[in-house]
Amino acid sequence: QGMGLGHRQDVDCRVKFPATFGGSHAKLDGVMKRIVFICVYLFVAALTAAGITLDHPIPAEPLLKNGNTVRGNVTAWDADGFTIQQDQDQTVKWDDVSPASAFALRARLIDKKSATDWLDLGEMGWKMNLKDQARFAFSNARRIDPTLQQRITDIVSAQPGSQVSSGTS
């Protein structure tokens, strides 16, 4: 008997899971949650790496490592530095700013509801040997997203003031 128009044939679209998943939907749900988390995390990291332009510039006067200050309005920032508007825009790298000044400015710029922003701030502080400030940032990151604990543990296992391999900055 052929299928003509107006006839319906039901198809079983259920997926049979191999023994490695034990046929368990719970295990698959856990795997899928991890995959979704990783995708979201990478998406947010890509947005942060691309830079953030501020809707409202923030007045700042960061102290540079050479002893000078740069006075103006911060209009954009990313993982590498920030743009400050004086007579004209000037790009300043975080590495050129004194550690305390860089941490304080970046703390003003981040999205306070973003666990990854807090994590990145903490990692920056740890690399700059600002242990107390870094721990404060990590505490906020962990409060917002407890799943970041392993990443925080990885960061603080490195000597403060040393470079840490990072997936986000």
Side-chain angles (χ1 to χ4, degrees), residues 30-169:
V31 169
M32 291 304 294
K33 285 179 185 177
R34 286 187 186 110
I35 290 170
V36 168
F37 173 77
I38 290 168
C39 290
V40 169
Y41 185 80
L42 291 174
F43 176 74
V44 170
L47 286 179
T48 302
I52 296 171
T53 300
L54 303 175
D55 291 333
H56 304 287
I58 296 177
E61 194 172 337
L63 175 65
L64 302 178
K65 287 181 179 176
N66 66 12
N68 295 328
T69 57
V70 181
R71 181 178 300 148
N73 293 311
V74 176
T75 58
W77 70 280
D78 63 18
D80 295 322
F82 57 94
T83 302
I84 192 162
Q85 187 177 35
Q86 299 170 308
D87 295 332
Q88 59 186 6
D89 284 352
Q90 178 181 350
T91 301
V92 179
K93 295 208 173 287
W94 294 116
D95 290 340
D96 295 336
V97 180
S98 74
S101 191
F103 188 92
L105 177 56
R106 190 159 172 181
R108 291 176 57 204
L109 297 171
I110 67 170
D111 176 358
K112 306 300 186 290
K113 296 177 184 172
S114 169
T116 56
D117 278 8
W118 281 111
L119 177 71
D120 291 342
L121 178 64
E123 183 171 14
M124 179 178 134
W126 196 258
K127 288 178 181 179
M128 294 179 163
N129 203 23
L130 300 171
K131 295 181 281 191
D132 292 338
Q133 294 92 323
R135 286 186 184 108
F136 173 77
F138 291 144
S139 172
N140 283 308
R142 187 175 30 253
R143 179 181 47 77
I144 296 167
D145 184 356
T147 66
L148 293 176
Q149 180 57 53
Q150 184 57 53
R151 181 71 185 116
I152 293 167
T153 300
D154 292 345
I155 294 167
V156 299
S157 69
Q159 184 68 24
S162 64
Q163 292 298 316
V164 178
S165 65
S166 169
T168 59
S169 39

Quick one: are [X] and [Y] in side-chain contact, heavy atoms under 4.5 Å?
X    : Y    : value
D145 : T116 : no
P62  : I84  : yes
L105 : W77  : no

Return the [atom1] to [atom2] distance between [X] and [Y], rounded to the nearest 0.5 Å.
X    : Y    : atom1 : atom2 : value
I52  : I110 : CD1   : CD1   : 10.0 Å
D89  : N73  : CG    : CG    : 10.5 Å
F138 : R151 : CZ    : CZ    : 8.5 Å
Q88  : T83  : CD    : OG1   : 12.0 Å
R135 : N140 : CZ    : CG    : 14.5 Å
R106 : D117 : CZ    : CG    : 7.5 Å

Which heavy atom of [X] sits nearest a heavy atom of [Y], and at what distance?
X    : Y    : answer
N68  : N66  : N-OD1, 2.9 Å
A115 : I144 : CB-CG2, 3.7 Å
A137 : F103 : CB-CZ, 4.3 Å
G125 : A134 : C-CB, 3.9 Å
A102 : M128 : CB-CE, 3.8 Å

Count the heavy atoms belonging to other residues, nucleotides or ligands that lie under 6.0 Å from CZ of R108, then report whether that count exceeds 12.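 Yes, CZ of R108 has more than 12 neighbouring heavy atoms, counting only those of other groups under 6.0 Å.
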Can you confirm whether K131 is buried at NZ, in the sense that more than 12 heavy atoms of other residues, nucleotides or ligands lie under 6.0 Å from that atom?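 Incorrect, the count does not exceed 12.
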Let me see the working for T69 and L63 under side-chain contact (heavy atoms from CB on, under 4.5 Å), right down to the final yes or no. CA-CA 4 Å; T69 57; L63 175 65; 3.9 Å; yes
Is there a side-chain contact (heavy atoms from CB on, under 4.5 Å) between M124 and D120 once you walk through the steps? CA-CA 6 Å; M124 179 178 134; D120 291 342; over 6 Å; no
Hey, is the main chain of [Y] close enough, under 3.5 Å, to the side chain of [X] for a donor-acceptor pair?
X    : Y    : result
K112 : A107 : yes
W126 : I152 : no
Q85  : G72  : no

Does the plane of the ring in W94 sit parallel, tilted or perpendicular to the ring in F82? Use 30° and 60° as the thresholds.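 Rings of W94 and F82: tilted, as their planes differ by 30° to 60°.
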If you apply the rule side-chain contact (heavy atoms from CB on, under 4.5 Å), what do you find for D80 with T91, and how did you get there? CA-CA 10 Å; D80 295 322; T91 301; over 6 Å; no
